[in-house]
2 protein chains.
Amino acid sequence: MARQAEAGRRTPLTRERVLRAAVALADGIGIEALSMRKLAQELGVVPMALYKHVANKEQLLDGMVDVVVGEIDPPAPGADWKSAVRQRVLSARRALLAHPWAARVIQSRSGPTPVVLAYMDSVIGIFRTGGFSVDLTHHVMHALGSRMIGITQELFDPPPGPRAQVPAPQEGAGEYPYVMELAGAVAHDKDSVVGQGCDDQFEFEFALDLLLDGFERLQRQGWFSADHMRDEGR
Amino acid sequence: MARQAEAGRRTPLTRERVLRAAVALADGIGIEALSMRKLAQELGVVPMALYKHVANKEQLLDGMVDVVVGEIDPPAPGADWKSAVRQRVLSARRALLAHPWAARVIQSRSGPTPVVLAYMDSVIGIFRTGGFSVDLTHHVMHALGSRMIGITQELFDPPPGPRAQVPAPQEGAGEYPYVMELAGAVAHDKDSVVGQGCDDQFEFEFALDLLLDGFERLQRQGWFSADHMRDEGR
DNA sequence: ACCTGAACACCGTTCAAGT
DNA sequence: ACCTGAACACCGTTCAAGT
């Protein structure tokens with residue numbers, strides 16, 4: 001840390017350097033612990049110096065998201081829409097998994113940065129050139145939601161340490177019979193993988209493929225949203 | 001506010017009263033602005049008095065989630081699994097929409113409270129009594145993710161004010177051609193609803209039904225996860 | 001034994017004073 | 001003109017002093 005601070009005093013501060021340091025710091029100490037003050041310290045700089053390169057903390061977080069989104073592989077040329085989308089989304093997931101804070105930060109943003117917008121544009125483009133109507137593309141993009149960028153929308157964040165999200169077997173066995181049945185079966189299934197709960201990659205692909213298969217079915221049958229609207233009002 | 005503070009001094013503080021006040025305050029001023037200090041002030045009480053009823057702010061947020069989840073309608077008896085799940089999830093969505101901060105707070109929790117666990121148990125129960133295997137139930141619960149509790153997994157939070165998430169038509173028209181095409185079509189489609197962007201309810205039900213239809217198909221064909229595992233390792 | 005005010009260790013950001 | 005230290009207006013929570 002002392003060495004980094006010293007290097008920081010030599011090399012001039014740039015937006016790029018600020019963002020990369022912020023990403024590394026968040027990787028290290030977690031996003032909640034990341035503060036302007038600590039980031040400045042890490043760069044061997046007075047806190048106010050950061051405000052020359054980012055307007056405020058919100059803009060810092062935007063920039064950090066851009067760094068992570070920049071790590072997503074470019075789209076594979078010449079693939080059919082289904083495997084192209086699949087590949088893109090799974091690559092996004094890999095990028096996000098490398099930065100545990102990224103999914104949460106992306107979701108806390110109130111709007112997309114140009115970099116994120118470009119990513120979305122490319123995914124939309126895959127559907128459109130794959131034969132999807134504008135209408136259907138619109139709805140499938142909503143259906144993908146943040147899964148489009150590799151985010152698993154689980155109900156609870158994966159606990160950082162060893163799994164202990166479900167109450168111990170004896171307690172709650174009567175109150176939550178179905179939860180216990182399910183938890184028991186999962187534990188038995190995966191007892192080769194010590195301490196691990198569910199196979200998150202499998203679950204992610206399961207849901208993704210379910211959606212992609214659904215999209216394919218709708219596209220083939222020429223689905224159009226007007227067919228499904230319930231009355232004039234909408 | 002002065003009247004509330006006075007009433008607060010009379011009525012003894014209870015966990016219930018603290019939680020209800022916190023929910024009302026978050027509804028009013030937003031979750032970011034909710035602080036232990038402001039909540040205490042609203043109740044006409046010194047900040048430290050709150051710590052008699054909630055251990056810390058995390059536990060306060062847990063309690064607030066429980067209040068919202070308590071507003072979800074009980075399961076409809078005698079319905080088939082598909083409409084029972086559908087009804088439950090849409091009711092959860094109604095409850096969450098009444099408290100704009102709720103979805104974000106639920107997702108920030110690291111584990112389920114007993115109240116949330118009971119909700120999950122009831123949804124799992126619908127699938128199990130509807131003929132789903134433990135295995136398939138496990139995977140469809142993951143596929144539903146937080147949609148199970150009515151959360152729309154959009155990439156960005158719905159902007160509070162009038163929509164302006166996409167850059168103005170002239171700028172970025174060349175850089176994001178597919179985004180612009182889609183945004184243009186949506187704007188044209190819904191120009192009866194002034195200022196509104198997408199029909200969030202329609203999008204939510206579109207994705208939900210896509211998933212439920214997929215679940216039904218898998219259940220009918222006796223899907224089993226082992227068929228789809230790629231190698232021994234998992 | 002209970003309650004509570006002051007204090008602690010932080011924040012992000014402003015701003016005026018110094019170079 | 002630039003840079004930066006001190007200050008402002010907050011946090012959640014601790015803790016010792018007062019009743």
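Lettering follows sequence order; numbering is per chain, from 1.
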Report summary line: A:Leu60 atom CG is separated from C:dT13 atom P, nearest whole Å, by 10 Å
Query - Verdict with supporting geometry, A:Arg88 and A:Ser122, side chain to side chain donor-acceptor pair (under 3.5 Å) - result: CA-CA 9 Å; A:Arg88 208 85 218 282; A:Ser122 92; 2.3 Å; yes
Report summary line: note: B:Leu39, atom CG; D:dT13, atom P; distance rounded to Å ~ 12 Å
Report task. Kindly say if B:Lys52 contacts the phosphate of C:dC3, meaning a side-chain N or O under 4.0 Å from OP1 or OP2. Result -> yes
**Report entry** Options D:dT4, C:dG5, C:dT13, nucleotide nearest the side-chain atoms of A:Tyr51
**Finding:** C:dT13
Query raised in the report: Given atom CG of B:Leu50 and atom P of D:dT14, what is their separation to the nearest angstrom?
Result: 14 Å
Query raised in the report: Atom CD of B:Gln59 and atom C1' of D:dT13: how far apart are they, to the nearest Å?
Result: 14 Å
Query raised in the report: Between A:Met48 and B:Asn56, who's closer to the 5' end of DNA chain D by nearest nucleotide?
Result: A:Met48
Requested in this report: Report yes or no: do A:Thr113 and A:Asp66 form a side-chain donor-acceptor pair below 3.5 Å?
Outcome: yes
**Report entry** Between C:dC8 and D:dG18 - P atom distance, rounded Å
**Finding:** 16 Å
Requested in this report: Kindly point out which of D:dT13, D:dG12, C:dC11 is positioned nearest to the side chain of B:Ser35?
Outcome: D:dG12
Report task. State whether a side-chain donor-acceptor pair under 3.5 Å links B:Gln201 with B:Arg93. Result -> yes
Requested in this report: Would you kindly give the CD1-to-P distance between A:Ile29 and C:dC10, to the nearest whole Å?
Outcome: 12 Å
Report summary line: Applying the 3.5 Å cut-off to both distances, the Watson-Crick or G-U partner of C:dC3 turns out to be none
Query raised in the report: Are any non-hydrogen side-chain atoms of A:Leu144 and A:Phe215 less than 4.5 angstrom apart?
Result: yes
Report task. Starting at atom CZ of A:Arg37, determine the distance to atom C1' of D:dC8, rounded to an integer number of angstrom. Result -> 11 Å
Query raised in the report: Can you tell me the Watson-Crick or wobble partner of D:dG12, both distances under 3.5 angstrom?
Result: C:dC8
